[in-house]
Amino acid sequence: MLSIDGVTDLWDQLLGAQPDPPGMLVLLTAVAGFLAVAVRPVWRVARNAVTIAHEGGHALIALLTGRRLRGIRLEFDTSGLTLSAGRPTGLGMILTLLGGYIAPSLVGVLGAWLLGGNRITLLLWLAVVLLLLMLINIRNLFGVVSLLVTGAIVFAVSWYAEPETQAAFAYAGVWFLLFGGVRPVFELQSLRGRGRMRDSDADQLARLTHLPALFWVGVFLVVNLFALLSGAFLLAGQWLPESGLPL
């Protein structure tokens, strides 16, 4: 059982700021995050993390808008499904559908903001908590395994790894989400252009709002590109001063 001093030390570790990471680490993890999205074989595996954030976005907005969450499925092919009960029309349903494709990028911006304040441990622990909360609502075996493995990796890094390793892992993960939020939008439109995914989030939004599905694809893209630029600005602030370049 933890003593009061132990709890205090743990709390200080969680909320305290870590030392500034080397500027080159920020740059190298940006390259690593980009390559994880750009290289197809790596993307096929890493995309599962984006799907987790995507379905988590649907689930969170559903709960915030008063809908009843019925379950989440994560599939081996990196697709996913979030089911919620409530009015099939209206603002709550629109926001729930909207929340999926923009969630990874917005999570990336939040992560970049925390890293900008050197809250590396806090970021990792928040990720573990969110994965555990999502696990409660998973309704298939692959989804359970996927979340347990992801959560175990994040927890192991946050608990056992050296500060430099934690920083590299956190920065690479945030860069990956920022870049990884953009590619699925292009994949979505590519599939739609070939007559597939007729029941995509964009198409469902089109039926609810009477605005073209392409409009909603554009909304996803604009939000995610803005998030990428915002997150990159927050993260680059850790590198530019050290490099001698002006902000």
Side-chain angles (χ1 to χ4, degrees), residues 26-61 72-82 97-113 115 127 130-131 134 142-143 146-147 149-150 153-154 169-206 212-236:
V26 181
L27 181 59
L28 292 177
T29 53
V31 173
F34 176 78
L35 291 177
V37 174
V39 178
R40 185 178 295 273
V42 180
W43 172 245
R44 287 175 178 172
V45 177
R47 197 184 194 282
N48 282 288
V50 174
T51 302
I52 290 172
H54 179 115
E55 300 305 329
H58 282 314
L60 177 61
I61 299 301
I72 304 169
R73 294 180 63 88
L74 302 172
E75 305 296 349
F76 184 74
D77 63 357
T78 73
S79 64
L81 178 67
T82 298
L97 289 168
L98 183 62
Y101 275 96
I102 65 175
S105 296
L106 295 182
V107 171
V109 172
L110 175 60
W113 178 71
L115 291 180
L130 291 174
L131 289 169
M134 192 172 174
F142 178 79
S146 181
L147 284 179
V149 170
T150 304
I153 292 172
V154 177
F169 182 84
Y171 274 86
V174 169
W175 278 117
F176 172 73
L177 286 175
L178 290 170
F179 288 120
V182 176
R183 178 165 178 169
V185 181
F186 288 101
E187 293 177 340
L188 167 64
Q189 185 55 30
S190 176
L191 291 170
R192 291 189 66 257
R194 298 200 298 268
R196 300 168 62 183
M197 291 191 72
R198 296 182 182 274
D199 202 35
S200 70
D201 293 349
D203 290 281
Q204 292 183 66
L205 282 165
L214 188 59
F215 168 82
W216 290 108
V217 174
V219 170
F220 299 155
L221 182 59
V222 169
V223 171
N224 291 354
L225 287 175
F226 181 76
L228 172 58
L229 292 174
S230 301
F233 177 80
L234 290 169
L235 295 174

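As the structure is a computational prediction, the values presented were derived from the model and not from experiment.
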Report task. Assess whether atom CZ of Phe186 is packed by more than 12 heavy atoms of other residues, nucleotides or ligands within 6.0 Å. Result -> no
Query raised in the report: Is a side-chain N or O of Thr82 found less than 3.5 angstrom from the main chain of Ala59, in a donor-acceptor match?
Result: no
Query raised in the report: For the residue pair Gly80 and Glu55, what are the closest heavy atoms and their distance?
Result: C-OE2, 3.2 Å
Report summary line: Closest non-hydrogen contact found for Ala38 with Arg183 is O-NH1, 3.7 Å
Query raised in the report: Quick check: does any side chain N or O of Thr150 sit under 3.5 Å from a backbone N or O of Ser146, one acting as donor and the other as acceptor?
Result: yes
**Report entry** Contact summary for Leu74 and Phe142, nearest pair of heavy atoms
**Finding:** O-CD2, 3.1 Å
Query raised in the report: Under 4.5 Å between any side-chain heavy atoms of Leu221 and Gln189, yes or no?
Result: no
Report task. State whether the number of non-hydrogen atoms from other residues, nucleotides or ligands found under 6.0 Å of Arg40 atom CZ is greater than 12. Result -> no
Requested in this report: Assess whether side-chain contact (heavy atoms from CB on, under 4.5 Å) is satisfied between Ile153 and Phe169, documenting all intermediate values.
Outcome: CA-CA 10 Å; Ile153 292 172; Phe169 182 84; 4.0 Å; yes
Query raised in the report: Any side-chain heavy-atom pair from Leu225 and Leu229 closer than 4.5 angstrom?
Result: no
Requested in this report: Of all the heavy-atom pairs spanning Ala206 and Pro212, show the shortest one and how long it is.
Outcome: CB-C, 4.0 Å
Query raised in the report: What heavy-atom pair brings Trp43 and Glu187 nearest, and what distance separates the two atoms?
Result: NE1-OE2, 2.8 Å
Report task. Would you give the length of the straight line joining atom CG of Leu235 to atom CG of Leu27, rounded to the nearest 0.5 angstrom? Result -> 11.5 Å
**Report entry** Worked verdict on Leu234 versus Leu115 for side-chain contact (heavy atoms from CB on, under 4.5 Å)
**Finding:** CA-CA 8 Å; Leu234 290 169; Leu115 291 180; over 6 Å; no
Query raised in the report: Which value, rounded to the nearest 0.5 Å, describes the distance between Ser105 atom OG and Leu110 atom CG?
Result: 12.5 Å
Report summary line: When rounded to the nearest 0.5 Å, the distance separating CD1 of Ile52 from CG of Leu177 is 10.0 Å
Query - Reported CG-to-CZ distance for the pair Asp77 and Arg44, which is rounded to 0.5 angstrom - result: 12.0 Å
Query raised in the report: Would you say the side chain of Arg192 lies within less than 4.5 Å of the side chain of Ser200, judging by non-hydrogen atoms?
Result: yes
Requested in this report: Please test Leu98 against Trp216 for side-chain contact (heavy atoms from CB on, under 4.5 Å), starting from the C-alpha separation and ending with a verdict.
Outcome: CA-CA 8 Å; Leu98 183 62; Trp216 290 108; 4.1 Å; yes
Query - Side-chain donor/acceptor of Asn224 to backbone N/O of Gly181, under 3.5 Å - result: yes
Query - Heavy-atom pair of closest approach, residues Ala36 and Phe176 - result: CB-CD1, 3.8 Å
Requested in this report: Apply the test side-chain contact (heavy atoms from CB on, under 4.5 Å) to residues Leu178 and Val174: give CA-CA distance (whole Å), side-chain angles for both, the deciding distance (0.1 Å), then the verdict.
Outcome: CA-CA 6 Å; Leu178 290 170; Val174 169; 4.1 Å; yes
Query raised in the report: Can you tell me how far CH2 of Trp175 sits from CG of Leu35, rounded to the nearest 0.5 angstrom?
Result: 13.0 Å
Report task. To the nearest 0.5 angstrom, please state how far the CG atom of Leu188 sits from the OH atom of Tyr101. Result -> 4.0 Å
